[in-house]
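Before any comments, here is the structure.
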Protein chains: 2
Amino acid sequence: MAKFSKSDNCKNCLDCNMRIPMLSTLSRPELIELNENRFEVKFKAGETIFKQGTSATHLLILTTGLAKLYVEGVQDKQLIIRIIKPWEIVGQASLYFDNRHHYSIAALNNTTACFIEINAFKKAIQANTLFAEEFIKNCTQKGIFSFEKMVSLSQKQMHGRIADGLIYLSGKVYEALNFDLHLSRQDVADLTGMSKDSAIRILKEFHNEGIIELDGRKLKILNYAQLERISETG
Amino acid sequence: MAKFSKSDNCKNCLDCNMRIPMLSTLSRPELIELNENRFEVKFKAGETIFKQGTSATHLLILTTGLAKLYVEGVQDKQLIIRIIKPWEIVGQASLYFDNRHHYSIAALNNTTACFIEINAFKKAIQANTLFAEEFIKNCTQKGIFSFEKMVSLSQKQMHGRIADGLIYLSGKVYEALNFDLHLSRQDVADLTGMSKDSAIRILKEFHNEGIIELDGRKLKILNYAQLERISETG
DNA sequence: GTAAAAGACTGATAAATATCGATTTGTATT
DNA sequence: AATACAAATCGATATTTATCAGTCTTTTAC
């Protein structure tokens, strides 16, 4: 199970400063304050990091590994909103609302997570305008991302949605055309809003048509332009 | 066409203070500054207030009327994100991002819109932490709303989506069980992510089953509990 | 007041997608 | 290596949803 520890790549918020653009607006004393209100936990693949509905007391930053952020919808179905990578601040949604988690987060592989106390974070927002502005910027970007996702989910057919999913994974998550997928087929389905069987079918189709090469979880995008075309035509 | 004017119910930001919770955190001089950087425009039903893709120079507050906020998706299809009511601040998404409108807004009836210069607004955020926090609160609430919408659009069938749409209109927009709908059937379809014909069919079904009474655009919700049940079961 | 246009509606059909059952493959454990 | 178990796969079928064509109704324009 998850246990406390100090990882090698996250000893101090003063270092994280370099990796997380938002934190670079904070002063040294502010970073020290933040550092005193944080701790780390390791998670194994599959373990739940945040559970939807529980009370939100901390923000989350992964320092190693990947995780999926999803909402629990109707009949136990999951909708994966996005994949969390290291050095991304997660959990803002609850900061100024009802202090509840409105989504769950589960580790996709072995991860290390840094938890920052919510009030320490709020304090920084109140004290540092630049930081607050960075925070707002972050929120609004996510809002725009949400719009695109809604269009994809509600107006595109399966081919377009799978194309969108692959473009997202390749462009935003792995930043490569050739990568080892951490998502199961079910996860791909939950990311693109369809049944597992349908996701498998479309992926196989793309494979057969030479758009991608998919062997187990080894994924290579062969024709990115074609994916973009499919994404646009829906 | 739209023309400049001073409406009776929005003479001065100092008064709006009372109606818009977020503005109540501003000081008198801050409100005066805001007031100097705003103007009003009247729109007729159907006119476009913001157009997706154009540059965002102002925030919007309706003082009378209703409008639909929608993104232009694939093949000219619209996805209505939400309905805009008076005294709601709109346009935050672009504030700190790329200064582009990422959605369009069109008047549903004759409306009066107050435009506030973006930089005046930013200035207030920088100068007033409470105001910034209110702003963040606003953004995060919208984020949570987005999640619910995504679940509805991607995981529920047509009956569930129409139920969600009706619950939204009744609970959040009109705040009544009995109201004159400003949306066309096509708009209802665009709000719930389905074809116009399907929307008409489900509405008629609900009417026949005694869940609603629908005559033209006069809508009365007869069995709210049943709508909630349909929403939950998808 | 009448013609024209737009919106609302309906049944039949076609297309998209989910579900089911059965099989195969891969992975972890002993 | 053998077993157990989860994940992936695939064809057949059922369900959901969109599309289309045509009619009816309401509103708009002159």
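Within every chain, numbering begins at 1; the chains are lettered A, B, ... in the order of the sequence lines, protein sequences first and strands thereafter.
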With a cut-off of 3.5 Å and sequence neighbours excluded, list every side-chain donor-acceptor pair involving residues 196-207 of chain B.
{"unit_1": "B:Ser198", "atom_1": "OG", "unit_2": "B:Ser195", "atom_2": "OG", "d": "3.1"}
{"unit_1": "B:Glu205", "atom_1": "OE2", "unit_2": "B:His159", "atom_2": "NE2", "d": "2.8"}
{"unit_1": "B:His207", "atom_1": "ND1", "unit_2": "B:Leu214", "atom_2": "N", "d": "3.0"}

**Asked** Among residues 74-82 of chain B, which contact DNA chain C at a heavy-atom distance under 4.0 Å?
**Response** none
**Item:** Interatomic distance, A:Phe43 atom CZ to A:Asn109 atom CG [nearest 0.5 angstrom]
**Value:** 13.0 Å
**Item:** Interatomic distance, B:Leu79 atom CG to A:Glu148 atom CD [nearest 0.5 angstrom]
**Value:** 12.5 Å
**Prompt:** Does B:Lys77 NZ have over 12 foreign heavy atoms under 6.0 Å away?
**Reply:** yes
**Asked** With no hydrogens and no angle check, is any side-chain donor or acceptor of A:Ser170 less than 3.5 Å from a backbone partner on A:Leu166?
**Response** no
Donor-acceptor list for residues 227-234 of chain B side chains, cut-off 3.5 Å, not counting sequence neighbours:
{"unit_1": "B:Arg229", "atom_1": "NH1", "unit_2": "B:Gln226", "atom_2": "OE1", "d": "2.2"}
{"unit_1": "B:Ser231", "atom_1": "OG", "unit_2": "B:Lys156", "atom_2": "NZ", "d": "3.2"}
{"unit_1": "B:Ser231", "atom_1": "OG", "unit_2": "B:Asp164", "atom_2": "OD1", "d": "2.6"}
{"unit_1": "B:Thr233", "atom_1": "OG1", "unit_2": "B:Arg229", "atom_2": "O", "d": "3.2"}
{"unit_1": "B:Thr233", "atom_1": "OG1", "unit_2": "B:Ile230", "atom_2": "O", "d": "3.3"}

Every protein N/O lying under 3.5 Å from an N/O of nucleotides 12-18 of chain C:
{"unit_1": "C:dT17", "atom_1": "OP1", "unit_2": "A:Met158", "atom_2": "N", "d": "3.4"}
{"unit_1": "C:dT17", "atom_1": "OP2", "unit_2": "A:Met158", "atom_2": "N", "d": "3.2"}
{"unit_1": "C:dA18", "atom_1": "OP1", "unit_2": "A:Ser195", "atom_2": "N", "d": "3.4"}
{"unit_1": "C:dA18", "atom_1": "OP2", "unit_2": "A:Ser195", "atom_2": "N", "d": "3.4"}
{"unit_1": "C:dA18", "atom_1": "OP2", "unit_2": "A:Ser198", "atom_2": "OG", "d": "2.8"}

**Between A:Thr112 and A:Thr64: side-chain donor-acceptor atoms closer than 3.5 Å** = yes
**Asked** For DNA chain C, whose closest nucleotide is more 5', that of B:Ser184 or that of A:Lys196?
**Response** B:Ser184
**Message:** Can you list everything that forms a salt bridge (Lys or Arg N to Asp or Glu O under 4.0 Å) with A:Arg185? Sequence neighbours excluded, please.
**Reply:** none
Expressed as a whole number of angstroms, how long is the span from [X]:[atom1] to [N]:[atom2]?
X: B:Leu183; N: C:dG7; atom1: CG; atom2: C1'; value: 14 Å
X: A:Ile202; N: D:dA8; atom1: CD1; atom2: P; value: 17 Å
X: B:Arg185; N: C:dC9; atom1: CZ; atom2: C1'; value: 9 Å
X: A:Leu219; N: D:dA8; atom1: CG; atom2: C1'; value: 15 Å
X: A:Leu214; N: D:dC10; atom1: CG; atom2: P; value: 11 Å
X: A:Lys204; N: D:dA7; atom1: NZ; atom2: C1'; value: 14 Å
X: B:Asp187; N: C:dG7; atom1: CG; atom2: C1'; value: 12 Å
X: B:Ile200; N: C:dG7; atom1: CD1; atom2: P; value: 12 Å

**Request:** Check step by step if ring-ring contact (aromatic ring centres under 6.0 Å, His included) holds for B:His102 and A:Phe145.
**Result:** CA-CA 10 Å; B:His102 290 269; A:Phe145 173 81; over 10 Å; no
**Message:** I'd like to check the side chain to side chain donor-acceptor pair (under 3.5 Å) partners of B:Lys68; sequence neighbours left out, ordered by chain and number.
**Reply:** B:Gln78, B:Asp187
**Request:** Output all residues satisfying side chain to side chain donor-acceptor pair (under 3.5 Å) with A:Tyr168, sequence neighbours left out; order by chain, then residue number.
**Result:** none
**Request:** Summarise how protein sits on nucleotides 24-30 of chain D as a single string, 5' to 3': B when a protein heavy atom is under 4.0 Å from the base, S for sugar-phosphate-only contact, - for no contact.
**Result:** -------
**Where protein sits on nucleotides 21-30 of chain C, one letter per nucleotide: B base, S sugar-phosphate only, - none, heavy atoms under 4.0 Å** = B---------
**Item:** Phosphate-side-chain proximity, A:Arg217 and D:dA8, N/O vs OP1/OP2 below 4.0 Å
**Value:** yes
**Asked** In degrees rounded to 10°, what angle is found between the helical axes fit to the five outermost pairs at each end of the helix from C:dG1-D:dC30 to C:dT30-D:dA1?
**Response** 50°
**Asked** Using 30° and 60° as the class limits, which term best fits the ring planes of B:Phe39 and B:Phe115: parallel, tilted or perpendicular?
**Response** parallel
**Request:** Give the C-alpha distance, both sets of side-chain angles, the deciding distance and a yes or no for ring-ring contact (aromatic ring centres under 6.0 Å, His included) between B:Phe147 and A:Tyr103.
**Result:** CA-CA 9 Å; B:Phe147 295 159; A:Tyr103 42 71; 5.6 Å; yes
**Request:** Sequence neighbours left out, what passes side-chain contact (heavy atoms from CB on, under 4.5 Å) with A:Glu72? Give chain and number order.
**Result:** A:Lys51, A:Gln52, A:Tyr70, A:Ser104
**Item:** Electrostatic pair B:Glu88:B:Arg82 at N-O distance under 4.0 angstrom
**Value:** yes
**Request:** Provide the full list of salt bridge (charged side-chain N to carboxylate O under 4.0 Å, His left out) pairs with a residue in residues 207-226 of chain B, sequence neighbours left out, each pair given once.
**Result:** B:Asp180-B:Lys218
